[in-house]
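Lettering of chains follows the sequences in order, A, B, ..., and the numbering in each one begins at 1.
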2 protein chains.
Amino acid sequence: MAPRPAGRAALIPILGEVFREHGYEGASLAVIGARTGLGKGSLYHAFPGGKEEMASAVLAEIEAWFEDNLYRPLREDPDPRAAIRASLAATETYFRSGRRVCLVGVFALGEVRDRFGERIARYFAGWRDALTDALARAGRPPGEARDLAEEAVAAIQGALVAARAFDEPAMFGRSLRRIEARLLG
Amino acid sequence: MAPRPAGRAALIPILGEVFREHGYEGASLAVIGARTGLGKGSLYHAFPGGKEEMASAVLAEIEAWFEDNLYRPLREDPDPRAAIRASLAATETYFRSGRRVCLVGVFALGEVRDRFGERIARYFAGWRDALTDALARAGRPPGEARDLAEEAVAAIQGALVAARAFDEPAMFGRSLRRIEARLLG
DNA sequence: TCGTGAATGTACCGATTGGTACAGATTATG
DNA sequence: CATAATCTGTACCAATCGGTACATTCACGA
């Protein structure tokens, strides 16, 4: 596939934040235009498929980031315990210590799940499986590893919801530390 | 306050489902009308404040339901361990074994949080505090009780997100059983 | 300096949004 | 039956939605 204009790449993080803050349907072309400083002409030039293509590009970037920065290290780091610790630290940074919301989680709860269902499931499954792998390599019995991983992935999502519901971002860090204790304890 | 027409009460559960499925902004008057079988005239007669009043009424019903069926029993049941078990069973039933989403959680993640922020926080705080109370009465040290409660409330939200992301409602029941083990173990 | 294609802003499209106005139907009360 | 209050459907409103069309501007190679 032909390389898209460079500007496109720069837009994706902005689009990500807009989708995070407003959700898929809530992210109108008006607010996207305002945040990117671009008119519809430019937006549709970079993303001929409109909003759907924008969201798809954002999802692709997120998938790639998590694969590179979380899943692969969890699977491949020779020190699985260190990898688990590092992955939780990266998670805290990525979600801005609870001030940022998980776009995939938001999508999962909304109507857009029908549109991106496969990729949403893949994002979560990738996380769970990578964590399962690390836990197993750290000595956990396979079944227990998978259970713990499933629990941790869900707990992270829940911590993001709760931190936002309480309007208390610090809750996210507390949750991550509890999760780390459970995983490594 | 004067009692609203009886029809109003019957509408609220329907409105709740619509808001759950579509979110606040996604629940257009068109779909609300279709689901309730009522025209705008009737809807605005029952809820002069429009969508905001509808959502507010739904939230009020949810708050009351949780207070009556979860929070108060957790605080008052002389057998706190039985109360915790019962509250988790009620939770599984309420969320239809993971097929139903938490409206308050959905609101917390969306833009509507600005509109209902206080009540969203109160819903979560009520849950956490009631569970903290039961755990303390069951013999947990106060700090540990509160931590466990916070973790459990977040975990329930996370389990709902994950169950929907994986499109695997059974995950919710699994999570609840793990939570029960942690709380009572 | 010119030409060319990419990049961009703007006007516009039909559809839909939340909300209002109001006339007519329905119901309860005398 | 008559009258009044309560409901309810429909037509309508301005604003906004996602998306298209197109004329203009821009950067850059020949």
Side-chain angles (χ1 to χ4, degrees), chain A residues 1-60 103 106-107 110-116, chain B residues 1-60 103 106-107 110-116:
Chain A
M1 47 182 166
R4 290 277 181 196
R8 190 183 143 108
L11 287 176
I12 293 179
I14 303 175
L15 294 175
E17 291 311 313
V18 174
F19 282 125
R20 262 180 252 276
E21 292 167 21
H22 300 273
Y24 181 78
E25 12 264 339
S28 71
L29 288 182
V31 337
I32 293 174
R35 287 283 285 273
T36 57
L38 260 43
K40 294 188 186 184
S42 313
L43 290 172
Y44 271 84
H45 181 75
F47 303 93
K51 270 178 76 172
E52 170 136 14
E53 186 175 343
M54 298 181 204
S56 180
V58 169
L59 279 178
L103 183 135
V106 171
F107 276 18
E111 300 183 83
V112 259
R113 195 197 52 158
D114 303 332
R115 222 189 281 243
F116 299 110
Chain B
M1 48 183 166
R4 290 275 181 197
R8 190 183 144 107
L11 288 176
I12 293 180
I14 302 176
L15 293 175
E17 290 311 312
V18 175
F19 282 124
R20 263 180 251 276
E21 292 168 21
H22 301 274
Y24 181 78
E25 12 265 340
S28 70
L29 288 181
V31 336
I32 293 174
R35 287 283 285 271
T36 58
L38 260 42
K40 294 187 185 184
S42 313
L43 290 173
Y44 272 84
H45 181 76
F47 303 93
K51 269 178 78 173
E52 170 137 13
E53 186 174 342
M54 298 181 204
S56 180
V58 170
L59 279 178
L103 183 135
V106 171
F107 276 17
E111 301 183 81
V112 260
R113 195 198 53 159
D114 303 331
R115 221 189 281 245
F116 299 111

What's the [atom1]-[atom2] distance between [X] and [N], to the nearest Å?
X	N	atom1	atom2	result
A/Met54	D/dG19	CE	C1'	10 Å
B/Glu25	D/dG18	CD	P	13 Å
A/Leu11	C/dA7	CG	P	11 Å
B/Leu29	C/dG18	CG	C1'	5 Å
A/Leu38	D/dT25	CG	C1'	14 Å
B/Tyr44	C/dT20	OH	P	6 Å
B/Glu53	C/dG18	CD	P	16 Å

Kindly point out which of [options] is positioned nearest to the side chain of [X]?
X	options	result
A/Ser28	D/dG19, D/dA11, D/dC17	D/dC17
A/Ala30	D/dC17, D/dG18, C/dG19	D/dC17
B/His45	D/dG19, D/dC7, C/dG18	D/dC7

Please tell me which of A/Gly50 and B/Gly39 maps to the more 5' nucleotide of DNA chain D, matching each residue to the nucleotide holding its nearest heavy atom.
->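 Checking each residue's closest nucleotide, the 5'-ward one belongs to B/Gly39.
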If every non-hydrogen atom of [X] is compared with every non-hydrogen atom of [Y], which pair is closest and at what distance?
X	Y	value
B/Ala46	B/Arg8	O-NH1, 3.0 Å
B/Phe116	B/Ala55	CZ-CB, 3.8 Å
B/Ile32	B/Thr36	O-OG1, 2.7 Å
B/Phe47	B/Ala57	CE2-CB, 3.9 Å

Please state whether the phosphate of D/dG9, meaning OP1 or OP2, lies under 4.0 angstrom from any side-chain nitrogen or oxygen of B/Ser42.
-> yes
Look at the side-chain N and O atoms of A/Lys40 and state whether any lies under 4.0 Å from the OP1 or OP2 oxygen of D/dG19.
-> no
Reckon B/Leu43 touches a base, only the sugar-phosphate, or nothing at all at heavy-atom distances under 4.0 Å?
-> nothing
Test: A/Arg115 and A/Glu52 ion pair at under 4.0 Å =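 Looking at A/Arg115 and A/Glu52, the cut-off is met.
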